[in-house]
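What follows is a single structure, written as C-alpha cells, with notes after it.
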Number of protein chains: 2
Amino acid sequence: MTPQKDITIYDLAKELDLSPATISRALKNNPIINAATRKKVMDLAAKKGYRSNAFASNLRTQKTNTIGVIVHELNSYFMTAVLAGIEEVATEAGYDILIAHSNETVAKERTNAHNLFNKRVDGVIASLAYDTEDLAHFEPFIKKHIPLLFFDRTDNNIAATQVVIDNEEAGYIATKHLLDQGCKRIVHATANLKRNVYADRLTGYKKALKKYKLPYNEALVLVNDFKEDTGKLIVESILTMKEKPDGLFVTNDFCSAVCIAELKKAGIKVPKDIAVVGFNNDVVSRMVEPNITTINYPGKLMGRMIAERLVLQLKTKKNINKQEQIIVPSELIVRDSSKRKK
Amino acid sequence: MTPQKDITIYDLAKELDLSPATISRALKNNPIINAATRKKVMDLAAKKGYRSNAFASNLRTQKTNTIGVIVHELNSYFMTAVLAGIEEVATEAGYDILIAHSNETVAKERTNAHNLFNKRVDGVIASLAYDTEDLAHFEPFIKKHIPLLFFDRTDNNIAATQVVIDNEEAGYIATKHLLDQGCKRIVHATANLKRNVYADRLTGYKKALKKYKLPYNEALVLVNDFKEDTGKLIVESILTMKEKPDGLFVTNDFCSAVCIAELKKAGIKVPKDIAVVGFNNDVVSRMVEPNITTINYPGKLMGRMIAERLVLQLKTKKNINKQEQIIVPSELIVRDSSKRKK
DNA sequence: TATTTCTTTGCAATCGGTTACAGAATCAAA
DNA sequence: TTTGATTCTGTAACCGATTGCAAAGAAATA
C-alpha cells in the first residue's frame, strides 16, 4: 500500500517512445501535432490517470488561471449569490476561484490580499471590510498590472473597475417609501460612513427628506456596526427618544429583523407605530413577522458582471485597473413591515 | 509604467555576491547559515520586496502547504464558525486553506474534489453534499495517502477520521424535550435519510418515542430537502393531517423558522398548539417570534478539532485515512417555541 | 533526379527554489 | 606545524511543463 506515484509527461513519453515536448503539445490539442499521435497520447494519458502538474505549468507560463475573491463576509444570501455568479463565469472561462473572507476586519483583509498576491492569482475581485480605510494592501496588484476589481463595498480612491448598485438612489427610494406611508420622523440606522455603501444611502435618505421638506435631524441617524446585538442597541436608543420616531430605515436585513423583534418586545407595533425598511433582501426578511420591506439587489448578476469584466481584462490586457463604475439595478420590495396605507 | 518585475533569489544572490543556495537557506532561517549573512539577506529581501515563488517551491518539495475544505454550503452560521476554527489552526501551523463549496450537489462536490486534487492540496476536510451517495471522487486522495477528514456530514463507508456530534443523542434529546412538554404526536421534518446526520436524528427520535411508550408512526416523518419553500410544504402536510400533531421537530433552523411563520399564518399557535424544536442554533432561531428551541453544536470547536487532527496527520504521517470517529458535545437550548410548562 | 515546401517531431533551455554533497575556511587540539 | 573537527558556503541536479528553434521526413514541384 505505497502511495500512488504521479504520472508525468516523461512517463507518457517513454511509454510511447516520443519526446516530452510532443506529449505536452498533444495534451494541449496543439494542431501542429499529428491527429493520430494526439489520440494515442490522449488515450494513454486517460488510461494512466495523468494529471498536469499545475506548479510546473504555472512556473513556466507565469500564469495561474486562478482568480482571487476577497469577501467581507460569507454568511449572507447576497454573498453566496455573488460567489455563485463569479464562479459560473470564471469556470466557463477556464479560471478557478480562490475564496478568502476577511470577516469584516482590515487585518484579515490585508493578510488575504498578501496571500493572494503570493499565490499569484491572475486577477482579484474584492468587497471591502467594514473598517478598511487604507487601501495600501491592494497597491501591489496595481503595480504589477494585475486586474483588481471591486463590487458592492468599494472605494473611489483606487484605480479599479467597480460594480455597484446606486446606493444613493436606493437610500432615497427606501426613505421616500416610508415618507409615502406617512412617516414624519424616520430613524436611519446604518454603519461606518466611511464605506461608500453607507455614506451613499445616507445621502439618499437626506435627499428624500429634503424633497418632502422635512428637516434633517442628525440625532435620528444611528451609526453602529451590525453585530448581533446592535439591533438591541438601536431599539434602546429609540426608546429613550423624547419624540418617538414613526419610521426606521436599517441598512441591513439581519439587523432590522432584530430591531423588529426588540420593538415588539417593547410593545411597539410594526408597522403601525413604527414602519420598518431593511436592506439586502436576505432570506431572513421573509422569515420574521411582519415580513420586512427591503431593497433587493441582484447578487448573482453582480457576480457575473464583475467576473465577465475581469475575464475580458485578462484576455485583452485592456482597461486593467482603470477607474470605471458599473451600476446594476436595485429595487424596493414592499412587504408588511412598512405598509400603513392601503 | 511597465509592470514591476518579480525579485528572485538569484537577484538577491547577485547583489550580495552569494549563491542562490545560501539565499534560500537564509530566507528559511536555516541555522546553518551565519547569523550575520542571514540578516544581510533578510534585510535585502525586505528592501527589495522579495516574495517566494510558491510554484517553484511546491514543484521542488512536492508540498503545497495548503488544506482544501469542501463544504456543502456557505450560508450558515455553523459553517462560518467551522471555517473560522479550521482557519485558526491551519494558519498557526503554516497552512493556507482553500475553500470550495458544493452548494448541496454531488456534481459540484465531485468537481471540487477533482480541483483540489489537481491543486495538490496536502490534505482535505469535507462535509458531504445533500445527495452524495457514491464517494468515488474521494478515492484519489486515499490512493495517494493524502489525509482526508470529514466533519458533520459524513459517511461510514470511507476510511477517514470524522468529527461529528452524536446526532442520535441530539435527536433523542430534542424529541424527549417535546415529550416532556406534553406532546403526544410529534412530526419529525427532516432531510435525505442517506445522510448520517438525518438518519441518526431519526433514530434518536424513534428511541425517545419508545422510551415514552408511544408508537412510531411513519406518516409523521416528513422527508424533504431544505429549500426555501420546504417549510410551507411541511405546514401544508400538517394541515391536512386528520389528527393534528402537537409537536414539530425540524432538523434545520431556517426551515423551522419558515414553519413557524406558516403555522402562525394558518392560525396555529406556537408553542400552545404545536411546540417546535429546530436544529443548529442558527442566528435566525433568535430572530423569529417565538425564539426557537434548538440544538446547539460548537462549529468553531469542530473546525479546530478537525484541523488539529489533520495537521497532526501531516506532521507525523500517522493515522492517515484511518477510520476514527470523534464526537463533540451538543446541547439543547430551550427557548419559547417549545415551552408549554413552567 | 534535384530542389523546395510542408508537416511533424525533437532538442534543450527555461521558470525559481531546494537540497545532497563537496569543498573551503576557521579554529582547536595534538 | 600538522591533523581533525567545526562552521559556513557553493555546485549542480532536480521538480515537470512549455516553447523557440532546429531538423528530419514526407510530399510537391521543377
Contacts under 3.5 angstrom, residues 308-316 of chain A side chains, donor-acceptor by atom type, not counting sequence neighbours:
{"residue": "A:Gln313", "atom": "NE2", "partner": "A:Thr161", "partner atom": "OG1", "Å": "3.2"}
{"residue": "A:Gln313", "atom": "NE2", "partner": "A:Asn319", "partner atom": "O", "Å": "3.3"}
{"residue": "A:Thr316", "atom": "OG1", "partner": "A:Leu312", "partner atom": "O", "Å": "2.8"}
{"residue": "A:Thr316", "atom": "OG1", "partner": "A:Lys318", "partner atom": "N", "Å": "3.1"}

Item checked: Check: A:Phe117 ring centroid to A:Phe138 ring centroid under 6.0 Å -> no
Notebook entry, point to check: Using the C1' atoms of five pairs at each end, what's the angle between the two axes of the helix from C:dT1-D:dA30 to C:dA30-D:dT1, to 10 degrees?
Noted result: 60°
Next item on the list: Take the protein atom CD1 of A:Ile9 and the nucleotide atom C1' of D:dA17, then report the distance between them rounded to whole Å.
Entry: 5 Å
Notebook entry, point to check: Quick one: how far along DNA chain C does chain B reach, first to last nucleotide 5' to 3', anything under 4.0 Å to a heavy atom?
Noted result: C:dG16 to C:dC21
Check: Does A:Asn321 have any side chain to side chain contact (heavy atoms under 4.5 Å, CB included) partners at least two apart in sequence or in another chain, and if so, which?
Finding: A:Ile142, A:Leu148
Check: What integer distance in Å separates A:Lys28:NZ from D:dG16:C1'?
Finding: 13 Å
Next item on the list: Write down the distance between CG (B:Asn53) and P (D:dC15), rounded to a whole number of angstrom.
Entry: 18 Å
Notebook entry, point to check: What is the distance, rounded to the nearest whole Å, between atom CG of A:Asp11 and atom C1' of D:dC15?
Noted result: 13 Å
Notebook entry, point to check: What string of B, S and - do you get for nucleotides 4-13 of chain D 5' to 3' if you count protein non-hydrogen atoms under 4.0 Å?
Noted result: ----SBBB-B
Check: Does anything in residues 32-44 of chain B pair up under side chain to side chain donor-acceptor pair (under 3.5 Å), and if so which pairs, sequence neighbours excluded?
Finding: B:Lys39-B:Asp43
Check: Minimum heavy-atom separation for B:Leu27 to B:Met42, with atom names?
Finding: O-CE, 3.9 Å
Item checked: Parallel, tilted or perpendicular: rings of B:Phe78 and B:Phe151 (30°, 60°) -> tilted
Margin query: Minimum heavy-atom separation for B:Glu73 and B:Met79, please, with both atom names.
Written below: O-CG, 3.1 Å
Next item on the list: Grab the CG-P distance between A:Asn58 and D:dT19 for me, whole Å please.
Entry: 12 Å
Checklist line | Note: B:Lys144-A:Asp6 ion pair, threshold 4.0 Å (strictly below) | finding: yes
Check: Using a cut-off of 4.0 Å on non-hydrogen atoms, how would the nucleic acid contact of A:Ser24 be classed: base, sugar-phosphate, or nothing?
Finding: base
Notebook entry, point to check: Would you call B:Lys48 and B:Asp11 a salt bridge, using N to O less than 4.0 angstrom?
Noted result: no
Check: Would you find a donor on one side and an acceptor on the other, under 3.5 Å apart, between the side chain of A:Tyr50 and the backbone of A:Leu12?
Finding: no
Margin query: Could you report the tightest heavy-atom contact between A:Val197 and A:Arg153, atom names first, then the distance?
Written below: CG2-CD, 3.8 Å
